[in-house]
Amino acid sequence: MTISDADFTKMVRFVQSNYGIDLSQKRQLITGRLSASIRQRGYASFADFVNHLLKTKSEEDLTLLLDKLTTNYTFFMREQDLLNYFKNTIIPEIVQRHQKDKTLAIWSAGCSTGEEPYNISMYLMDYLGAQASAWDTRLLATDISSRALTAAKRATYELPETIPGDWKRKYFVPNADGSFTVAPVIRNNVIFQPFNLMEPIKFRRKFDVIFCRNVMIYFDRPTKDALVQRFYDATVRGGYLLISFSENLSANAPYRRVAPATFQK
């Protein structure tokens, strides 16, 4: 199916204003990923779909749009150097800071299919060891894609060779087909929920650490800067924002850079 210039512009503006995602250079992606599904749902053209979407903002159409147009590519142990800094520097620091209340607040923003928050939990469990049961280390993990969140909650994966052998034994349950399911001790440490990063951030606690990796690459500069400011306001003093090595913050960002892709309030 083809999309007219007018309908393409309408869709780009709608997605950017509501979700921050810049699709202005993604015309081929839109038609390639949506055509078959639109036809299956009985729409005769992109014009019919776009008009219905903008008029009704139907939950079904919104879910289709977000699930098809967001790329949920992630894997365990992604950007190992960043995770090493988290393990060796950030975890000891925030654990020391919370010796009295024994409660950590960590957010995986744009958690995709769940590997990142589960990975973070494994590092926390390793560090705390026998003391882990005395701590509340539950992570918040959010995404706008219901498809990604469903996969995250299912927690079954093909494991890469980079997963340490002791982790495979401690934190995963093998399945008959060769896949592995994340063990309950790790699954129960992650709270998944849908969240649109364009919305105000009003969670109960401010965060010690926010992971937002390979998400802001889809935003234009003003949208990204505004989100970073919201993250900053939602971070405790001394807390961290971790992004990916392929990203950077604006020169006037409120955080200070302390390591590659790692920023502190």
Side-chain angles (χ1 to χ4, degrees), residues 66-67 70-91 94-95 98 103-128 132-133 135-160 162-164 167-168 170-173 179-197 201 203-217 227 231 234-236 239-245 247 261-262:
L66 295 173
D67 284 350
T70 52
T71 302
N72 304 119
Y73 175 69
T74 188
F75 49 91
F76 286 105
M77 315 300 282
R78 188 175 193 177
E79 296 182 325
Q80 185 66 63
D81 288 347
L82 185 82
L83 294 173
N84 285 341
Y85 188 89
F86 173 69
K87 175 182 69 172
N88 297 326
T89 302
I90 296 177
I91 293 179
I94 62 177
V95 166
H98 287 283
T103 300
L104 303 180
I106 300 175
W107 178 16
S108 172
C111 66
S112 188
T113 46
E115 288 92 331
E116 178 178 89
Y118 290 137
N119 224 163
I120 296 167
S121 292
M122 292 170 199
Y123 281 117
L124 292 171
M125 295 299 172
D126 265 13
Y127 183 81
L128 292 170
S133 61
W135 284 73
D136 182 355
T137 60
R138 288 173 298 171
L139 276 75
L140 173 66
T142 67
D143 205 278
I144 58 169
S145 169
S146 60
R147 176 171 51 89
L149 290 173
T150 297
K153 292 173 185 177
R154 191 182 307 122
T156 297
Y157 306 96
E158 302 291 332
L159 294 186
T162 50
I163 288 285
W167 276 20
K168 191 179 287 189
K170 289 191 298 184
Y171 300 138
F172 292 92
V173 178
S179 66
F180 289 80
T181 298
V182 177
V185 66
I186 298 298
R187 292 181 73 173
N188 294 339
N189 200 55
V190 182
I191 301 166
F192 290 103
Q193 67 182 64
F195 185 73
N196 178 0
L197 290 173
I201 299 171
F203 296 112
R204 184 172 57 88
R205 295 175 62 94
K206 290 193 174 186
F207 295 97
D208 297 298
V209 188
I210 298 174
F211 283 80
C212 187
R213 298 194 289 165
N214 298 291
V215 174
M216 292 186 285
I217 54 174
L227 176 59
F231 280 153
T235 306
V236 300
Y240 293 87
L241 172 66
L242 278 64
I243 62 176
S244 74
F245 291 138
E247 305 170 287
T262 305

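Everything numeric here is computed off the predicted structure, so don't read it as measured data.
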ask   = Can you name the residues that form a side-chain hydrogen bond (donor to acceptor under 3.5 Å, both in side chains) with Tyr171, not counting sequence neighbours?
value =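 Per chain and number, Tyr171 pairs via side-chain hydrogen bond (donor to acceptor under 3.5 Å, both in side chains) with Asp126.
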message = Working note: Thr137 + Met125, criterion side chain to side chain contact (heavy atoms under 4.5 Å, CB included); need CA distance, chi angles, decisive distance, verdict.
response = CA-CA 9 Å; Thr137 60; Met125 295 299 172; 3.9 Å; yes
Would you call [X] and [Y] a side-chain contact if the rule is heavy atoms closer than 4.5 Å?
X      : Y      : result
Leu197 : Ile144 : no
Ile120 : Val209 : no
Leu140 : Phe195 : no
Trp135 : Val95  : yes
Cys111 : Leu149 : yes

Quick check: closest heavy atoms across [X] and [Y], and the distance to 0.1 Å?
X      : Y      : answer
Thr156 : Ser179 : CG2-OG, 3.4 Å
Leu241 : Cys212 : CD1-CB, 4.3 Å
Val215 : Ala109 : CG2-O, 3.7 Å

request  = Kindly indicate, with the supporting measurements, whether the criterion side chain to side chain contact (heavy atoms under 4.5 Å, CB included) is fulfilled by Tyr240 and Thr235.
outcome  = CA-CA 7 Å; Tyr240 293 87; Thr235 306; over 6 Å; no
task = Scan Asp136, Asp208, Thr103 and name whichever one has a side-chain hydrogen bond (donor to acceptor under 3.5 Å, both in side chains) with His98.
result = Asp208
Expected output: side-chain Glu116 to main-chain Ser108 donor-acceptor under 3.5 Å =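 No.
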Parallel, tilted or perpendicular, as decided by the 30° and 60° cut-offs, for the rings of Tyr123 and Trp167 = perpendicular
request  = Start with the C-alpha distance between Asn189 and Ile186, add both sets of side-chain angles, then the distance that settles side chain to side chain contact (heavy atoms under 4.5 Å, CB included), and finish with yes or no.
outcome  = CA-CA 5 Å; Asn189 200 55; Ile186 298 298; 5.6 Å; no
ask   = Between Tyr118 and Phe192, is the gap from one ring center to the other below 6.0 Å?
value = yes
task = Carefully, step by step, assess Phe172 and Val182 under the rule side chain to side chain contact (heavy atoms under 4.5 Å, CB included).
result = CA-CA 5 Å; Phe172 292 92; Val182 177; 3.8 Å; yes
